[in-house]
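Worksheet: one structure, shown below.
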Amino acid sequence: MELRSIPEELAGGRYDVQAESVGFVFPLHYLSLPMQVEEFLERLTFKESPYIFAIATCGVPYWGIPFLDMNEILSKKGRQLHGAWFLRLVSNYLPYRDTAAQWRINIRAWFAERKLQSIAEAVKGREHHETWQLLRNMCRRYHDKWRERQKKVDENFSCDKVKCTSCGLCERICPKGNILRPEGKPVWQHNCVECLGCLHVCPVEAIDYGGVTKGRRRYRHKDIAVKDLLHDFRGQR
């Protein structure tokens, strides 16, 4: 099994896939695909006819159309999604609500681990699996509305320059290379996908989204180290 990072594949211009089985794992974003996942799928070339599956992590399952949109892109390439699953974890969208209590996080992680085991068995057996995607028209309008204002979303970010230690983690975690630090502090470049990675990774919580995230608990899965989330696009700009 080979694991690849979609932002790094995009930055490196690597769009060919040759494998018997190909999986895509991504967070549900405004009820559909993250922009970088959509871009990667649009550019992707399949060298074989693989079993294709996808897992969308989310705070609330079944509300969204990621697999519908994914199949629309794949159909243009003569391919289809064979297996699709929502995996409920923890919502990290702090502008909407605070991070869940630790006991709730632990319970969801326990259930997610067991669901992953069943997904793994289904993938191993090349099983076909569909899932609910509720309120499709509403989800489409919601996602499209976000796309219309996407170039302005990072205007909501701010950095407390007193707290900031100029560690550079915010720059390196951004999947779009959207953060520069000309004087050591983050400056957003208006191509944000609103993943909130910069906000959650800051070790001193110097970054906020508007005023609503102040005091809200940052989140990272306990089994994921910071180094596993970082990119380095500086040589590719």
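Just so it is clear, the model here is predicted, and its values are computed rather than measured.
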Is the backbone N or O of [Y] less than 3.5 Å from a side-chain atom of [X], with the two atoms forming a donor-acceptor pair by type?
| X | Y | answer |
| --- | --- | --- |
| Asn156 | Val153 | yes |
| Arg97 | Tyr93 | no |
| Arg14 | Glu8 | yes |
| Tyr209 | Lys214 | no |
| His82 | Ile52 | yes |
| Lys77 | Glu42 | yes |
| Arg114 | Ser118 | no |
| Asn71 | Gln80 | no |
| Arg108 | Val90 | no |
| Arg217 | Thr99 | yes |

Ring centres under 6.0 angstrom apart (His143, Tyr30):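 No, ring centres 6.0 Å or more apart.
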Return the [atom1] to [atom2] distance between [X] and [Y], rounded to the nearest 0.5 Å.
| X | Y | atom1 | atom2 | value |
| --- | --- | --- | --- | --- |
| Phe157 | Asp154 | CZ | CG | 7.0 Å |
| Lys227 | Ile173 | NZ | CD1 | 13.5 Å |
| Arg216 | Thr213 | CZ | OG1 | 7.5 Å |
| His221 | Asn92 | NE2 | CG | 12.5 Å |
| Leu89 | Leu28 | CG | CG | 12.0 Å |
| Lys176 | Asn191 | NZ | CG | 4.5 Å |

Residue pair Phe24, Phe53: steps toward the ring-ring contact (aromatic ring centres under 6.0 Å, His included) verdict: CA-CA 6 Å; Phe24 300 87; Phe53 68 95; 8.1 Å; no
Criterion side-chain contact (heavy atoms from CB on, under 4.5 Å) on Ser158 and Ile207, from CA distance to verdict: CA-CA 6 Å; Ser158 63; Ile207 295 175; over 6 Å; no
Salt bridge flag under 4.0 Å for residues Asp208 and Arg218: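 Salt bridge: yes.
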Glu155 bridged to Arg149 by N-O distance under 4.0 Å: no
Count the heavy atoms of every other residue, nucleotide or ligand shown that sit under 6.0 Å from [atom1] of [X], and state whether that count exceeds 12.
| X | atom1 | answer |
| --- | --- | --- |
| Gln189 | CD | yes |
| Phe111 | CZ | no |
| Asn137 | CG | no |

[X] with [Y], same ILVMFWY side-chain cluster at under 4.5 Å:
| X | Y | value |
| --- | --- | --- |
| Leu68 | Trp146 | no |
| Leu31 | Tyr96 | yes |
| Leu41 | Tyr51 | no |
| Leu229 | Ile55 | no |
| Leu81 | Ile73 | yes |

Heavy-atom pair of closest approach, residues [X] and [Y]:
| X | Y | value |
| --- | --- | --- |
| Cys174 | Asn178 | SG-N, 3.2 Å |
| Pro27 | Pro34 | O-CG, 3.1 Å |
| Trp63 | Cys139 | C-SG, 4.2 Å |
| Lys185 | Ser166 | NZ-OG, 3.3 Å |
| Arg88 | Val60 | NE-CA, 4.5 Å |
| Cys195 | His29 | N-CE1, 4.4 Å |

Modelled atom types, side-chain donor and acceptor of Ser32 and Asp69, under 3.5 Å: yes
Does any part of the side chain of [Y], heavy atoms only, come nearer than 4.5 Å to the side chain of [X], both counted from C-beta?
| X | Y | answer |
| --- | --- | --- |
| Leu44 | Val17 | yes |
| Val193 | Pro175 | yes |
| Glu48 | Glu20 | yes |
| Leu10 | Glu39 | yes |
| Pro66 | Phe26 | yes |
| Met35 | Gln150 | yes |
| Cys198 | Trp188 | yes |
| Ser21 | Pro50 | no |

Working for side-chain contact (heavy atoms from CB on, under 4.5 Å), residues Glu127 and Val123: CA-CA 6 Å; Glu127 297 178 16; Val123 170; over 6 Å; no
Parallel, tilted or perpendicular, as decided by the 30° and 60° cut-offs, for the rings of Phe86 and Tyr62: perpendicular
Trp85 and His129 aromatic ring geometry - parallel, tilted or perpendicular at 30°/60° bounds: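 The arrangement is parallel - the two ring planes meet at less than 30°.
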From Gln133, Glu72, Met138, residue fulfilling side-chain contact (heavy atoms from CB on, under 4.5 Å) relative to Ile65: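 The residue from Gln133, Glu72, Met138 that satisfies side-chain contact (heavy atoms from CB on, under 4.5 Å) with Ile65 turns out to be Gln133.
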Val226, Leu230, Ile179 screened by side-chain contact (heavy atoms from CB on, under 4.5 Å) with Arg172, the one that passes: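 Considering Val226, Leu230, Ile179, a side-chain contact (heavy atoms from CB on, under 4.5 Å) with Arg172 is found only for Leu230.
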Test log, rule side-chain contact (heavy atoms from CB on, under 4.5 Å), inputs Leu116 and Leu87: CA-CA 8 Å; Leu116 279 173; Leu87 184 68; 3.8 Å; yes
Chi angles and distances behind the side-chain contact (heavy atoms from CB on, under 4.5 Å) call for Ile105, Tyr219: CA-CA 10 Å; Ile105 292 174; Tyr219 172 76; 3.9 Å; yes
Worked check of salt bridge (Lys or Arg N to Asp or Glu O under 4.0 Å) between Arg4 and Glu2: CA-CA 7 Å; Arg4 297 186 183 182; Glu2 181 181 4; 3.3 Å; yes
